[in-house]
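Shown next, in structure tokens, is the structure this report addresses.
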Amino acid sequence: MTKKQDYTVKNVCDKAAIYGLDGTLWASSANWKGLNKYNHPLEQPDGSTKEVAYDEFYCAVEAAKGNRNPSEAGIRLGNDKHMFLKNDPDMNVTYLTKLGGGGACLAKTKQALVIGTWDKTAMMSNNLT
């Protein structure tokens, strides 16, 4: 079994993708939803909503660079809301947490953006959740 198979079979990584910095998808797990562009309804202080143009790839790259607020709609991957947890500029890695549990790790290289997500309820290789 290869390392990749070992991690995905044992649910250490729920979904993963590698993108070129031009936005081209290089590789992904079968269940990857993709990074999309769409209009997101953003709730306003008065209770109304405002449509905000959202680009998940742009926001993922910006978050990977350490930008905590790449969009007024926050950080979304596969239309799932994430919160910026920590950036390690020496390693070019950013950690995100997801509402309801789980999270993502973003790593930016000179040529690519690597994304891995995990689910709170998935059984890990040490048989813990």
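Keep in mind that the numbers below use all heavy atoms, side chains included, and drop hydrogens, waters and symmetry copies.
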- Query: Does any non-hydrogen side-chain atom of Thr117 lie less than 4.5 Å from one of Trp32?
  - Reply: yes

- Task: Compare every heavy atom of Leu96 with every heavy atom of Leu106, then report the nearest pair and how far apart it is.
- Result: CD1-CD1, 3.8 Å

- Message: Within the supplied structure, the quantity of interest is the number of heavy atoms (other residues, nucleotides, ligands) at a distance under 6.0 Å from Lys37 NZ; does it exceed 12?
- Response: no

- Do Trp26 and Tyr19 share a hydrophobic cluster, counting only Ile, Leu, Val, Met, Phe, Trp and Tyr and linking them when any side-chain heavy atoms are less than 4.5 Å apart? no

- Interatomic distance, Leu113 atom CG to Lys65 atom NZ [nearest 0.5 angstrom]: 10.5 Å

- Tell me whether Tyr58 is reachable from Val52 by hopping between hydrophobic residues (I, L, V, M, F, W, Y) whose side-chain heavy atoms are closer than 4.5 Å. no

- Task: Mind listing the closest non-hydrogen atom pair of Gly102 and Thr97 along with its distance?
- Result: O-OG1, 3.5 Å

- Note on the structure: Nearest heavy-atom contact between Lys81 and Ala73 is NZ-O, 3.5 Å

- Please tell me if the side chains of Tyr95 and Val93 come closer than 4.5 Å, counting only heavy atoms from C-beta onward. yes

- Item | For Glu43, all residues meeting salt bridge (charged side-chain N to carboxylate O under 4.0 Å, His left out), sequence neighbours excluded | none

- Can you find a pair of side-chain heavy atoms, one from Lys50 and one from Pro41, that are under 4.5 Å apart? no

- Message: Counting only heavy atoms not in Gln111 (residues, nucleotides, ligands), do more than 12 fall under 6.0 Å from its CD?
- Response: no

- Message: Side-chain heavy atoms nearer than 4.5 Å, only ILVMFWY residues, links allowed to pass through others: does that put Leu21 and Ile115 together?
- Response: yes

- dist His82:NE2 -> Arg76:CZ (nearest 0.5 Å) comes out at 10.0 Å

- Task: Please answer whether the main-chain N or O of Tyr54 pairs with a side-chain N or O of Glu56 as donor and acceptor at a distance below 3.5 Å.
- Result: no

- Treat each ILVMFWY residue as a node, draw an edge where side-chain heavy atoms are under 4.5 Å apart, and state whether Met83 and Trp118 are in one component. no

- Given the options Asn87, Leu85, Asp88, Thr94 meets side-chain contact (heavy atoms from CB on, under 4.5 Å) only with Asn87

- Query: So, does Asn67 use its side chain to make a donor-acceptor pair with the main chain of Asn69 at under 3.5 Å?
  - Reply: yes

- Item | Hydrophobic cluster membership, Val114 vs Ile75, 4.5 Å side-chain cutoff | no

- So, does Ser29 use its side chain to make a donor-acceptor pair with the main chain of Ala16 at under 3.5 Å? yes

- In this structure, which one of Asp80, Asn79, Leu77 forms a side-chain contact (heavy atoms from CB on, under 4.5 Å) with Lys33? Asp80

- Minimal heavy-atom distance between Gly74 and Pro70, with the atoms involved, is O-CG, 4.3 Å

